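Note that this is a predicted model, so its numbers are computed, not measured. Below, chains carry the letters A, B, ... as their sequence lines are ordered, and counting in each starts from 1.
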Protein chains: 2
Amino acid sequence: MNEAKFTSLNEFKEILLSLPIASSNLKDRALERNNQLTKPPGALGRLEELSVWFASWNGNEAPIISSPQVVVFAGNHGVTSQGVSAFPQEVTAQMVLNFEHGGAAINQMCKTFGAKLDVIALDLDNPTNDFTCEPAMSETDCIDALRRGWNAVDESSDLFVAGEMGIGNTTSAAAIANALYGGSASDWVGRGTGVDNQGLKNKYLVVAAGLEKNPSAIGDGLEALRCLGGRELAAIVGSIASARSKSIPVILDGFICTAAAACLEATVSGSLEHCVAGHESNEQAHKELLKRLDKKPLLSLGMRLGEGSGAALAIGVLKAAIACHSGMATFAQAGVSED
Amino acid sequence: MNEAKFTSLNEFKEILLSLPIASSNLKDRALERNNQLTKPPGALGRLEELSVWFASWNGNEAPIISSPQVVVFAGNHGVTSQGVSAFPQEVTAQMVLNFEHGGAAINQMCKTFGAKLDVIALDLDNPTNDFTCEPAMSETDCIDALRRGWNAVDESSDLFVAGEMGIGNTTSAAAIANALYGGSASDWVGRGTGVDNQGLKNKYLVVAAGLEKNPSAIGDGLEALRCLGGRELAAIVGSIASARSKSIPVILDGFICTAAAACLEATVSGSLEHCVAGHESNEQAHKELLKRLDKKPLLSLGMRLGEGSGAALAIGVLKAAIACHSGMATFAQAGVSED
């Protein structure tokens, strides 16, 4: 019933142009509530902004978070044939099994914070094309992945996190960032799962070659996604847009998730107003990418795992913020003197 | 059975000199486990250090956190007669009622992360002395409060947080920091619950007057606590030492809690090895205080509420770290290729 309705990138863009915006009425009411709670004004710091922002999307001035959903999308990348990762491509499928068996970090995070976890493997036996030779995906492939992402978001979720697994995908993410924001490859390339200095230099060359081979990607969000991205990145894009269509707030994860999100913002400015940055990853260029999107991360703990793990950790922060906002007594209720 | 055995500050110091240390054997085993988990080495960033540190105190290489305990200590301060707070002293007792009725921020945090919350009001009708005129506490008063703190820690807790409520206590905390680390009052005084610029200048003068009146506090942890602190600060000191005696890891809260903790470190170096800094408060001097103690905060969200709220929020981070450490599959278990 809320299935993706687009069948082309142009139709997807049309949908982005008509997504809902936050309720300013609810924002005002949530702000008013916040100002009456038993604490000095502003004493909960960013938790206060967070809860007002969340309420403005959630549709309730005193919301609860009872159904957070995390979806990990997995995809394989043709560009791994260029030796860009410290791990072999088989690890993508092995990690999908690990997610399904409950053995990965994201499983423990979801258990800790009561989030539902779905895992969607996207055609792992059929990696995307090597983007140094041709576009990573045809429009059909890209739309398929966008639709998978769109359809993965439950209407009943009250908070959404998109995670990813895909050997080689920090290279894709760096290429997208470079295509959208310029500079040189070395501004956007990092060590990913842990390549050495020679591997890093190789990644620079691969990203530069990708941009040269795909000029349509330069400065164009959806073309950057199609030509330099991967199925899991396109699915993330679809899922973030889908969450917006349902007014579900999103916590962004690290470098790869944020690069995917940047494709949305580059396509239609304001597309990420329903998103907060869960953390600052240790992947070198994430900080700069967040700056470009004007997103201030909630956490900065040196994580660089992907899987949605940084964003899932931030679910705890958001839950606590909302619990305070909606559960605290007002000065009047508690009989506490205001200054 | 684990009641406080000290009846003088000298006896308390004796106890501090014989507190247990972390198990290096467990640390090694936890490190070994961490290195086998299905993630690139180091990809969980500070969560990895945290879980190894926690395991080294907990006594299990794959620990769980099932019984976190938060205790909020409340006390009143004679120094409020110097006009150092934006709120009247009655608010301390009013907030204690709010804690007891479940309406404060700390109640919601504890519910969110499954922590037990105890509230201990320390002789609120009998504020400490105004430290600009005489020592805040006699040795007997100070020992009483240290003992209350010591006895508040459950032996069955696996993680401990000490929070505080006490109108005027940022002034006490600033005075302690100034007595222990030198500099001028303005280096350590901040706005607390929100005094204006004139209030801030007044706090400088009050702190400076306190140090001048109590020369025995300079550079002496337990004298600084007695002369410039308050009952809730002394109770925090007692509780942190008590947690150490039981090898229970502690998350430190904001400026006031950290100033209390600094009294322990100044008395016996190494006393805070079982403590991690939960957050960096927005109270101006907290950052510097954490630096002096060589503690790097887990969170930095602009909070400045006290009550243990910042540390309680960090319980979520620690729970997630331990859940990953103890719940993740190893490469061998999951059949995932290492690089």
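In terms of heavy-atom pairs under 4.5 angstrom with chain A, the leader among B:Gly306, B:Ser326, B:Gly114, B:Ala104 is B:Ala104. Most heavy-atom pairs under 4.5 Å with chain B, from the set A:Leu47, A:Asn282, A:Leu97: that is A:Leu47. With respect to chain A, the highest number of heavy-atom pairs below 4.5 Å among B:Thr38, B:Leu50, B:Ile106 belongs to B:Thr38. Of the listed residues (B:Thr112, B:Val317, B:Asn107), the one with the most heavy-atom contacts under 4.5 Å to chain A is B:Thr112. Listed options A:Gly302, A:Gly103, A:Gly102 were ranked by heavy-atom pairs under 4.5 angstrom with chain B; first place goes to A:Gly103. Contact tally against chain B (heavy-atom pairs below 4.5 Å) for A:Gly45, A:Ala334, A:Ala43: the top residue is A:Ala43.
For the pair A:Lys296/A:Leu290, no side-chain contact is recorded, criterion being any heavy-atom separation below 4.5 Å from C-beta on.
Judged by distance alone, the side chain of A:Asp158 and the main-chain N or O of A:Ile65 form no donor-acceptor pair under 3.5 Å. Checked by atom type and distance alone, the side chain of A:His77 never pairs as donor or acceptor with a backbone atom of A:Thr171 at under 3.5 Å. Side-chain atoms of A:Ser281 never come within 3.5 Å of backbone atoms of A:Phe255 as a donor-acceptor pair (strictly under, hydrogens ignored). Judged purely by atom type and a 3.5 angstrom limit, B:Asn169 uses its side chain to pair as donor or acceptor with the backbone of B:Gly166. Between the side chain of A:Glu283 and the main chain of A:Gly192, a donor-acceptor pair closer than 3.5 Å is present.
At a 4.5 Å heavy-atom cutoff, A:Ile315 makes no contact with chain B through either its backbone or its side chain. In this structure, chain A has a heavy atom under 4.5 Å from the side chain of B:Leu313, while its backbone stays farther away. Both the backbone and the side chain of B:Leu298 have a heavy atom closer than 4.5 Å to some heavy atom of chain A. For a residue to count as touching a neighbouring chain, one of its non-hydrogen atoms must lie under 4.5 Å from one of that chain's; by this rule A:Val336 touches chain B with backbone and side chain alike. Residue A:Leu301 touches chain B through both its backbone and its side chain, counting heavy-atom pairs closer than 4.5 Å. Within the 4.5 angstrom heavy-atom criterion, only side-chain atoms of A:Leu299, from C-beta onward, approach chain B.
Between B:His279 and B:His286, the ring planes lie tilted relative to each other; the angle falls in the 30° to 60° range.
Looking at A:Lys39 and A:Glu48, a side-chain N of the basic residue comes within less than 4.0 Å of a carboxylate O on the acidic one, giving a salt bridge.
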